[in-house]
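Comments concern the structure below.
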Amino acid sequence: MSEKVFKTYDEQLDLLASRGIVFSTDTERIKAKCMLQREGYYKLINGYKDLFLSEKTPEDKYISGTTVGEIYALYNFDRELREIFLRYILHVETNIKNLISYRISECYGHDNFLRYNNFNTDMKDADKLVSSVFADIQRQIASSISDPCVKHYLQNYGYIPMWVLNNILTFGTISKFYSIMKITDRQSISKIFKVLDKHLESFLYYLSIVRNLSAHGNRLYCMRTTRPLISTNVHTTLSIPYQRNEYEYGKRDLFASVIVLRYLTSVNEFKRFKADLSNAIDNLSAKLNVITIDKVLLSMGFPSNWEDIINRGIK
């Protein structure tokens with residue numbers, strides 16, 4: 001593999017042209033240069049070129065007619081996806097944090113709840129898992145010591161109640177916190193969403209991944225996870241193909257998080273989410289020329305009948 005060396009914006013454009021990118025007018029080339037200046041070659045081109053390649057080799061070749069503008073349209077679409085998913089996941093995060101805080105405070109008090117026996121000591125590797133979550137919490141408290149609420153409770157009371165911890169704990173830590181709670185405590189929360197506690201555990205873990213990708217500006221539309229989402233009624237009622245012991249869609253992809261939001265948001269909120277998502281997809285479709293929106297949806301893990309999720313899947 002040849003060493004990557006610095007190239008000016010014009011040299012980057014020349015390289016793209018040599019690989020099949022079209023600049024039909026000087027104006028189009030100027031616009032492409034502005035896109036590279038604003039977003040960067042690595043993030044824009046290397047991050048979003050794959051769907052536009054006719055050959056993926058060290059010397060990439062693009063589908064005839066590809067423009068930087070069309071790649072930029074996919075890039076902007078992904079940014080819009082991050083904004084949409086983050087907005088609705090934050091609603092779920094607030095809801096889950098409040099439910100956990102209420103249950104923990106109700107059952108174990110507000111000043112000494114982080115005790116080993118208050119959690120599921122019967123699960124496999126309980127010592128390791130509980131200790132790991134406690135350590136995460138302590139690290140986040142230490143890093144938030146200047147927070148006025150945290151500082152106030154530590155200085156005046158020597159502890160931080162769960163409802164204050166909500167403001168500093170990450171969604172990932174809350175997801176782990178839920179996983180170590182006693183079964184009865186987990187079920188008291190999961191029944192609110194009319195799901196099993198093992199389903200809610202999987203849902204929270206999956207959303208925490210999507211939330212982090214969205215919040216940190218990582219590529220989202222083609223995300224894949226190593227740990228799959230638990231199978232649900234939605235997979236069955238949408239008749240998603242099943243191969244090699246796993247559903248083809250909605251397990252490790254972005255559509256899996258759509259399934260989760262179907263369960264964890266109200267009907268009206270999910271309708272708003274779906275409308276936002278559909279509008280973003282339609283807007284991108286209108287800007288595509290050399291690839292189809294179906295190709296993008298396939299990368300997102302969306303089955304062709306994905307919009308039926310609004311009416312099916314939850315019993």
Side-chain angles (χ1 to χ4, degrees), residues 16 19-22 35 39 43-57 60-86 88 206 209-210 213-214 218-225 228-229 231-244 246-262 270-313:
L16 290 172
R19 294 177 173 179
I21 294 288
V22 175
M35 292 172 190
E39 311 297 347
K43 191 163 189 177
L44 173 60
I45 303 300
N46 286 359
Y48 293 86
K49 66 183 178 181
D50 287 359
L51 295 187
F52 300 92
L53 295 178
S54 59
E55 298 178 33
K56 191 173 181 180
T57 64
D60 293 328
K61 294 297 180 183
Y62 289 85
I63 299 169
S64 177
T66 299
T67 64
V68 172
E70 192 166 348
I71 297 175
Y72 185 71
L74 178 60
Y75 174 88
N76 256 343
F77 169 71
D78 199 39
R79 177 156 49 195
E80 189 173 1
L81 283 183
R82 291 193 295 270
E83 293 171 353
I84 292 171
F85 276 89
L86 183 59
Y88 288 93
Y206 208 92
I209 293 175
V210 177
L213 290 173
S214 300
N218 297 119
R219 193 169 52 186
L220 186 64
Y221 84 97
C222 59
M223 64 159 288
R224 292 295 183 272
T225 62
L229 181 71
S231 295
T232 69
N233 289 329
V234 170
H235 293 91
T236 304
T237 58
L238 287 181
S239 301
I240 295 176
Y242 191 86
Q243 293 184 8
R244 295 185 291 277
E246 187 169 293
Y247 288 103
E248 286 189 20
Y249 309 111
K251 293 292 286 185
R252 303 171 187 269
D253 46 42
L254 189 58
F255 186 61
S257 59
V258 176
I259 293 175
V260 174
L261 289 173
R262 178 67 180 87
F270 186 79
K271 284 181 178 179
R272 290 192 293 270
F273 163 73
K274 180 183 169 294
D276 291 343
L277 190 54
S278 296
N279 287 337
I281 291 171
D282 290 343
N283 289 338
L284 174 64
S285 181
K287 298 173 183 176
L288 297 178
N289 294 300
V290 302
I291 64 171
T292 66
I293 194 63
D294 288 340
K295 190 172 185 180
V296 178
L297 291 173
L298 183 62
S299 292
M300 295 166 63
F302 279 42
S304 58
N305 63 338
W306 76 271
E307 294 191 85
D308 290 343
I309 191 174
I310 197 75
N311 300 316
R312 303 191 208 167

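Computation of the quantities below employed the complete heavy-atom set of this structure, encompassing side-chain atoms and omitting hydrogens, waters and symmetry-equivalent molecules. For the single chain, residues carry numbers from 1 onward in sequence order.
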Problem set entry | Audit row: Met300, Leu297, side chain to side chain contact (heavy atoms under 4.5 Å, CB included) steps and yes/no | CA-CA 5 Å; Met300 295 166 63; Leu297 291 173; 4.0 Å; yes
For this session: Would you please test Arg219 and Tyr48 for side chain to side chain contact (heavy atoms under 4.5 Å, CB included) and show each step?
Result: CA-CA 9 Å; Arg219 193 169 52 186; Tyr48 293 86; 3.8 Å; yes
Exercise. Could you go step by step and tell me if Ile259 and Trp306 meet the side chain to side chain contact (heavy atoms under 4.5 Å, CB included) rule?
Worked result: CA-CA 10 Å; Ile259 293 175; Trp306 76 271; over 6 Å; no
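Once rounded to the nearest 0.5 Å, the distance linking CG of Leu81 with CG of Asp276 reads 11.0 Å. His235 NE2 to Leu229 CG: the interatomic distance, rounded to the nearest 0.5 Å, is 5.5 Å. A distance of 9.5 Å separates CG in Leu213 from OG in Ser257, rounded to the nearest 0.5 Å. The line from CE of Met223 to CD1 of Ile209 is 6.0 Å long, rounded to the nearest 0.5 Å. Taking CG from Leu261 and OH from Tyr206, the interatomic distance works out to 11.5 Å, rounded to the nearest 0.5 Å.
Listed by first and then second residue, the salt bridge (Lys or Arg N to Asp or Glu O under 4.0 Å) pairs that reach into residues 71-81 are Glu39-Arg79, Asp78-Arg82, sequence neighbours excluded. Annotation: side chain to side chain donor-acceptor pair (under 3.5 Å) contacts involving residues 280-293, sequence neighbours excluded, are absent. For residues 64-77, the set of pairs meeting the salt bridge (Lys or Arg N to Asp or Glu O under 4.0 Å) definition, not counting sequence neighbours, is empty.
Listed by chain and number, the residues in a side chain to side chain contact (heavy atoms under 4.5 Å, CB included) with Ser54 are Lys61, Ile63 (sequence neighbours excluded). Looking at residues two or more places apart in sequence or on another chain, you find a side-chain hydrogen bond (donor to acceptor under 3.5 Å, both in side chains) between Ser231 and Lys251. With sequence neighbours excluded, no residue forms a salt bridge (Lys or Arg N to Asp or Glu O under 4.0 Å) with Glu83. Residues passing the side chain to side chain contact (heavy atoms under 4.5 Å, CB included) test with Arg272, sequence neighbours excluded: Tyr88, Asn268, Glu269. Applying the side chain to side chain contact (heavy atoms under 4.5 Å, CB included) criterion to Leu53, with sequence neighbours excluded, gives Lys49, Asp50, Lys56, Asp60, Tyr62. Take Phe255 and apply the ring-ring contact (aromatic ring centres under 6.0 Å, His included) test, not counting sequence neighbours, and it matches Phe302. Applying the side-chain hydrogen bond (donor to acceptor under 3.5 Å, both in side chains) criterion to Tyr72, with sequence neighbours excluded, gives Arg38. Considering only residues two or more places apart in sequence or on other chains, Thr236 meets the side chain to side chain contact (heavy atoms under 4.5 Å, CB included) condition with Tyr247. Residues satisfying the side-chain hydrogen bond (donor to acceptor under 3.5 Å, both in side chains) test with Ser278, not counting sequence neighbours, are Glu307.
When side chains are defined from C-beta on, Ile21 does not count as touching Ile45, because their heavy atoms never get closer than 4.5 Å. At a threshold of 4.5 Å between non-hydrogen side-chain atoms, the residues Tyr249 and Leu238 do not count as touching. Residues Ile309 and Phe270 meet the side-chain proximity criterion, which asks for heavy atoms closer than 4.5 Å. Between Tyr75 and Ile71, the closest side-chain pair of non-hydrogen atoms is not below 4.5 Å. Looking at Leu284 and Tyr221, their side chains never come closer than 4.5 Å, going by heavy atoms from C-beta outward. Within the 4.5 Å cutoff, no side-chain heavy atoms of Phe77 are placed close to those of Leu220.
In terms of heavy atoms, Leu86 sits closest to Ser214 at CB-CB, 4.0 Å. Minimum heavy-atom separation, Ile84 to Ala280: CD1-CB, 4.1 Å. Among all heavy-atom pairs drawn from Asp253 and Gly301, the shortest one is OD2-CA, 3.5 Å.
In Lys295, the NZ atom is crowded: over 12 heavy atoms of neighbouring residues, nucleotides or ligands sit closer than 6.0 Å.
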